[in-house]
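What follows is a set of notes on a single structure, which appears directly below.
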Amino acid sequence: MNEMRAVAGGCHCGAVRFSVSLPADVEAHACNCSICAAAGYIGIIVPAESFELISGEDVLTEYTFNTGVARHRFCSVCGIKSFYHPRSNPDGISINLNCLDWPERSNVAVVDFDGQNWEAHAHALAHLSRPTND
């Protein structure tokens, strides 16, 4: 059983703060698509109900491109994308590993994801936004 725990996170300036329920062992994805690679974003996809935006809704700005399905949300104060609504998992949230207040990263496995060929590989992420029944 992979016990869940609440982990806090947010943007650089602190205007955006959230809490996310994560298992002790986490798989994160280093995506090579144009936006993730440029931003150095390492994503952890979770079910939407595992995420709570605590503060900062009023300072978030949104960017979409290509199909417009993915909703990239940035802090308008410091410019950091601490989370977004991914195209691969519209029922989930992708959390930026680098924006978590979580010093115990020894239990995080970062795996490469070929987002440059998204259409061929997105199906491999679909299960990540489903609630776990451990």
Side-chain angles (χ1 to χ4, degrees):
M1 181 177 200
N2 206 351
E3 187 175 320
M4 303 296 279
R5 62 182 163 164
V7 178
C11 67
H12 185 260
C13 72
V16 175
R17 296 297 298 163
F18 62 82
S19 177
V20 62
S21 182
L22 293 174
D25 297 315
V26 174
E27 181 175 284
H29 296 92
C31 179
N32 66 357
C33 77
S34 60
I35 194 164
C36 289
Y41 190 94
I42 300 175
I44 302 168
I45 298 174
V46 299
E49 59 267 17
S50 296
F51 176 84
E52 179 185 5
L53 182 61
I54 296 170
S55 64
E57 181 67 43
D58 59 327
V59 297
L60 286 169
T61 189
E62 187 170 297
Y63 173 68
T64 62
F65 65 100
N66 195 10
T67 64
V69 175
R71 296 175 41 226
H72 300 271
R73 304 191 73 199
F74 297 83
C75 174
S76 63
V77 178
C78 66
I80 296 298
K81 178 172 71 170
S82 52
F83 71 93
Y84 81 104
H85 303 271
R87 179 177 166 201
S88 64
N89 298 73
D91 57 341
I93 304 286
S94 178
I95 308 300
N96 188 346
L97 171 66
N98 295 318
C99 291
L100 293 176
D101 306 337
W102 193 19
E104 316 104 47
R105 299 218 178 153
S106 61
N107 292 7
V108 177
V110 179
V111 297
D112 290 334
F113 178 75
D114 185 7
Q116 288 182 0
N117 298 294
W118 191 91
E119 297 294 340
H121 301 286
H123 68 280
L125 303 176
H127 71 284
L128 297 172
S129 57
R130 294 187 196 123
T132 59
N133 296 320
D134 287 348

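In what follows, residues are counted from 1 in the order of the sequence shown.
Heavy atoms only, all atoms of each residue included: Phe65 and His72 are closest at CE2-NE2, 3.5 Å. Closest approach of Ala48 and Ile93 over heavy atoms only: CA-CG1, 4.0 Å. Minimum interatomic distance between Asp91 and Ser129 (heavy atoms only, all atoms of both residues): OD1-OG, 2.6 Å. Minimum interatomic distance between Tyr41 and Ile95 (heavy atoms only, all atoms of both residues): OH-C, 3.3 Å. Between His29 and Phe113, the closest heavy-atom pair is CB-CB, 4.1 Å. When every heavy atom of Asn66 is checked against every heavy atom of Arg87, the shortest pair comes out as ND2-NH1, 3.9 Å.
In this structure, Glu27 and Val111 have side chains that are in contact, with non-hydrogen atoms separated by less than 4.5 Å. Leu125 is not listed as a side-chain neighbour of Pro86, based on a closest heavy-atom distance of 4.5 Å or more. The side-chain heavy atoms of Leu53 and Leu60, taken from C-beta on, include a pair separated by under 4.5 Å. At a threshold of 4.5 Å between non-hydrogen side-chain atoms, the residues Val16 and Ile80 do not count as touching.
Atom SG of Cys11 is separated from atom CZ of Arg17 by 8.0 Å, given to the nearest 0.5 angstrom. Here the straight-line distance linking atom OG of Ser82 with atom CG of Asn98 works out to 11.0 Å at 0.5 Å rounding. With values rounded to the nearest 0.5 angstrom, Lys81 atom NZ is found 14.0 Å from Cys75 atom SG. Separation of atoms OG (Ser21) and CD (Glu52) is listed at 11.0 Å; rounding is to 0.5 Å. Within the model, atoms CZ of Phe51 and OG of Ser19 stand 9.0 Å from one another, a figure rounded to the nearest 0.5 Å.
There is no path of hydrophobic side-chain contacts, each under 4.5 Å, that joins Ile35 to Ile44. Val20 and Leu97 fall within the same hydrophobic cluster, defined by Ile, Leu, Val, Met, Phe, Trp and Tyr side-chain heavy atoms under 4.5 Å apart, directly or through other members. No single ILVMFWY cluster, assembled from side-chain heavy atoms under 4.5 Å apart, contains both Val59 and Tyr84. Cluster annotation: Phe18 is connected to Ile42 through the hydrophobic network of ILVMFWY side chains, with a link wherever side-chain heavy atoms come within less than 4.5 Å.
Using a distance-only test at 3.5 Å, with no hydrogens or angles considered, no donor-acceptor pair links the side chain of Asn89 to the main chain of Ile45. A donor-acceptor pair under 3.5 Å is absent between the side-chain atoms of Glu62 and the main chain of Arg71, judged by distance alone.
Checked options Val26, Leu22, Asp25; the residue passing with Asn107 is Asp25 (criterion: side-chain contact (heavy atoms from CB on, under 4.5 Å)).
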